[in-house]
Amino acid sequence: MYEFPIQRAATLKDKPDPKTLVFGKVFTDHMFLLNYDAGQGWHDGRIVPYGDLNLPPSAMVFHYAQEVFEGMKAYRRPDGKVQLFRPMDNVRRLNDSCERLCIPQLPEDLALEGIRALVKVEQDWVPSEPGTSLYIRPFIIATDASLGVHASHSYLFCVICCPVGAYYAEGINPVRIYVENEDVRAVRGGTGYTKCGGNYAASIRAGERAEEQGYAQVLWLDGVERKYIEEVGSMNVMFKVDGAIVTPKLTGSVLPGITRRSCLQLLRDWGYPVEERLVTAQELFDAADAGKLDEAWGTGTAAVVSPIGEMGWNERKAEVNGGVIGPVTQKLYDTLTGIQWGTQPDPYGWTMPVD
Ligand SMILES: *Cc1c(COP(=O)(O)O)cnc(C)c1O
């Protein structure tokens, strides 16, 4: 068990109305900090008032993007208790990201207990309206004051939280997505399987272009042959083709999503044939032409599942399930959100109370 000193904020902010919340703009009263210094390891875990970080302009993170992050949520159950969803999976993935970015490994229990302790302190910030939650953003930055290109010797692990409104306040409307032929998000051998800020920086241009053309998200192709589907926006992607569930396999350029893993487990347990393999854009558009593209959806912590209603690729268009959410997509959404918000039993032991 870890005990973290808590420095309470002098004044507490007013809680916003979850109905008008914009994602990622309002933060809670406190944050968790943990330092790393070479020779000392990770030390001084503590909860302090939410506030600015004081860093020299030469801090390595600003120049070479030695940075990793996670995204997870805390959910208010009907009995009022607050729970996390597969939080150890986030901590393990954070360490996988650290390994790739040459950031020292965090002791798993220390990271998990830091996150839990913060959410416990902030539990009044977890909203209770349907579909709302507290988004948790753990991240690590390289803090050496140095422009030399090498791994930093000092780091800061920080966890901040923001209340988020219901993702589907207006109902679950399928989105239009566009296959991106030019820009790629990640390549095998690169950092695609990690959650690092650099991946997002590289993805912004294509996202803006897709939006200009009236599409909600980019459907990414692989960085080598630009033939295989990898992800949609910052979500994993799944298709139901002729009765089978098909999803890109984890080649190194695809982010191993925890929502993805959870969906695949449910789908297998429901008896669907599940294929994790290379999936070409060509076969999907051909399947759509043949009337065999039954459903398509993205998966991720923010939306849980996000149905895809239409796909564009050059001049080609593919409509999916008449532009409405399909039954498998709906069942995944209902089951996962039921487990996360505690309105349904959790036979897999995926949830963890914060106290
Ligand atoms: C975070 C993320 C996902 C989804 O992961 P979850 O663990 O399901 O939230 C998918 N793709 C990318 C690129 C991501 O950064």
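Ligands are counted one by one from 1 in listed order, and the atoms in each one are counted from 1 as well. Just so we're clear, the structure is a prediction, and the values are computed from it rather than from any experiment.
Taking the six-membered ring where the residue is Trp, the centroids of Tyr215 and Tyr178 are separated by under 6.0 Å. Taking the six-membered ring wherever Trp is involved, the centroid distance between the rings of Phe157 and Tyr36 does not fall below 6.0 Å.
Note: Tyr200 and Phe69 have perpendicular aromatic rings, judged against thresholds of 30 and 60 degrees for the angle between ring planes.
Note on residues 83-98: pairs passing salt bridge (charged side-chain N to carboxylate O under 4.0 Å, His left out), not counting sequence neighbours, are Glu70-Arg93, Arg86-Asp89, Asp89-Arg261, Arg92-Glu108.
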Could you give the side-chain donor-acceptor pairs of residues 158-175 under 3.5 Å, partners two or more places apart or in another chain?
residue	atom	partner	partner atom	Å
Tyr168	OH	Val305	O	2.5

Which pairs would a plain distance check flag for residues 49-58, meaning a side-chain donor or acceptor within less than 3.5 Å of a matching protein atom at least two apart in sequence or in another chain?
none

Between the protein and ligand 1, are there any N or O atom pairs that come within less than 3.5 Å of each other, and if so, what are their names and distances?
residue	atom	partner	partner atom	Å
ligand 1	7 (O)	Arg93	NH1	2.8
ligand 1	7 (O)	Arg93	NH2	3.1
ligand 1	7 (O)	Ile258	N	2.8
ligand 1	8 (O)	Ile258	N	3.3
ligand 1	8 (O)	Thr259	N	2.9
ligand 1	8 (O)	Thr259	OG1	2.6
ligand 1	9 (O)	Thr301	N	2.9
ligand 1	9 (O)	Thr301	OG1	2.6
ligand 1	11 (N)	Glu231	OE1	2.5
ligand 1	11 (N)	Ser234	O	3.4
ligand 1	15 (O)	Lys195	NZ	2.8
ligand 1	15 (O)	Tyr200	OH	2.6

